[in-house]
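Data block below; observations after.
Chain A is the first sequence line, chain B the second, and so forth, proteins listed ahead of strands; every chain is numbered from 1.
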There are 2 protein chains.
Amino acid sequence: MRPQKVNDESLMAGLLEVLRSKGYDGASLSELSMATGLKKASLYHRFPGGKKQIAESVMLEVRAWIKQEVLDVLKNKKMKPKDRLDTALGRIEEFYAWGEKSCILRALSMDCGMEQVGDLVQASMESWQKGFLKLGQDMGLSKKKAEKRALESLILIQGSLVVAKGSRSPQAFKYAIEKIKSIYL
Amino acid sequence: MRPQKVNDESLMAGLLEVLRSKGYDGASLSELSMATGLKKASLYHRFPGGKKQIAESVMLEVRAWIKQEVLDVLKNKKMKPKDRLDTALGRIEEFYAWGEKSCILRALSMDCGMEQVGDLVQASMESWQKGFLKLGQDMGLSKKKAEKRALESLILIQGSLVVAKGSRSPQAFKYAIEKIKSIYL
DNA sequence: GTCTATAGCTAGATAGAC
DNA sequence: GTCTATCTAGCTATAGAC
């Protein structure tokens, strides 16, 4: 058993960076290899299922991240709702580098014929909305109103990241964060 | 001069469909060929610059479409502001098939190393926002407020289309359309 | 203007040495 | 576990017949 040249955390981080920026079809194994510091054959050793498994593994991590940093934080009854929101939004700002980075959910929801990846994107979005739903309800909103604001929060983040990328300015993302804060005032 | 097998309108429509759904890297010439009914070599006859020129041409059309159906409609002083908004939103709903189709701006704002395409995406987004800015100002809003709502309209559309795709339901898009109507009430 | 055929390359994936 | 070398399929792009 030779030691791993690159640990799992660093490996997954490199794969995520390429996938979120280039998407599934745009992310070549050569680029994934360069970004991680592992040669192609080594990537196949870590992910015998190849590029498909790489995308699935990254999305599994992202789904877990959203559950932990968004859903679990937003429904954490030990904190005041306002503090939960600030905490979750802080993690989100960091994850998207204050609007400089694309969203992996957006990148991997393009049509690329990967059913499993699509399922994980869907689950991640549902988890996100569930978190904001709980937050809204804990703030005293009706289920219907809380659902609407949860949907709006996801739309604002996704939309602002697309606009930030397209217009080459993170301004839209900062606007979205403030807007989300304001709808939960 | 042999007659064209496929006219420009139908040709561009086929190319747009593939590009908005698969993105630049995911759209292969084989698929563009199938979608348009022209063989690969014929596509090179129409677009000597190859796939790059295809993407640029599609984006040129999209930019023109947004100028005509969004910007020009929203700033048309011959109509009442409310009617301008309803007209533009109607065109937008149709263009995105009520949330069933992806946005080409989103698809082509992924990193694919095409500077010119990125410029056209940026210009299209600016044109969109300029239209909603004029609408807001004609409704009596301050420039600052009108700019914010213009940005929000673009974010809502882009975000809702990503969410609609990812959660496999056009519900988010319908929500966004209603939301835009409500912020210009 | 469209086509068939094919060049030249890079993609994803595998075999086997170390 | 990582690597070099290599396979095959698919890609973008071109040549030349009709």
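- By the 6.0 Å and 45° rule, K101(A) does not stack over the aromatic ring of F95(A).
- Among the nucleotides dT2(D), dG1(C), dA15(C), the one closest to the side chain of Q4(B) is dG1(C).
- Rounded to a whole Å, the CG atom of L32(B) is 11 Å from the C1' atom of dT12(D).
- Taking atom NZ of K40(B) as the reference point, atom C1' of dC11(D) lies 7 Å away to the nearest angstrom.
- Comparing atom distances between the S42(B) side chain and each of dT2(D), dA13(C), dC3(C) picks out dC3(C) as nearest.
- Distance alone, capped at 3.5 Å, is enough to place a donor-acceptor pair between the R84(B) side chain and the L74(B) backbone.
- Candidate nucleotides dA15(C), dC3(C), dC11(D) were compared by shortest atom distance to the side chain of A41(A), and dA15(C) ranks first.
- Between G50(B) and R2(B), the one whose closest nucleotide on DNA chain D sits nearer the 5' end is G50(B).
- Side chain of L38(A), nearest nucleotide from dT2(D), dA13(D), dT2(C): dT2(D).
- Considering only the side chain of K51(A), dA13(C) comes nearest among dC11(D), dA13(C), dT12(D).
- Using a 4.0 Å heavy-atom criterion, one finds that S28(B) contacts the sugar-phosphate atoms exclusively.
- Taking atom OH of Y44(A) as the reference point, atom P of dT6(D) lies 19 Å away to the nearest angstrom.
- The backbone N or O of V6(B) sits nowhere less than 3.5 Å from a side-chain atom of S10(B) that would complete a donor-acceptor pair.
- In this structure, L19(A) places its CG atom 14 Å from C1' of dG12(C), rounding to the nearest Å.
- A cation-pi arrangement is absent between K82(B) and Y184(B) under the rule of less than 6.0 angstrom and at most 45 degrees off the ring axis.
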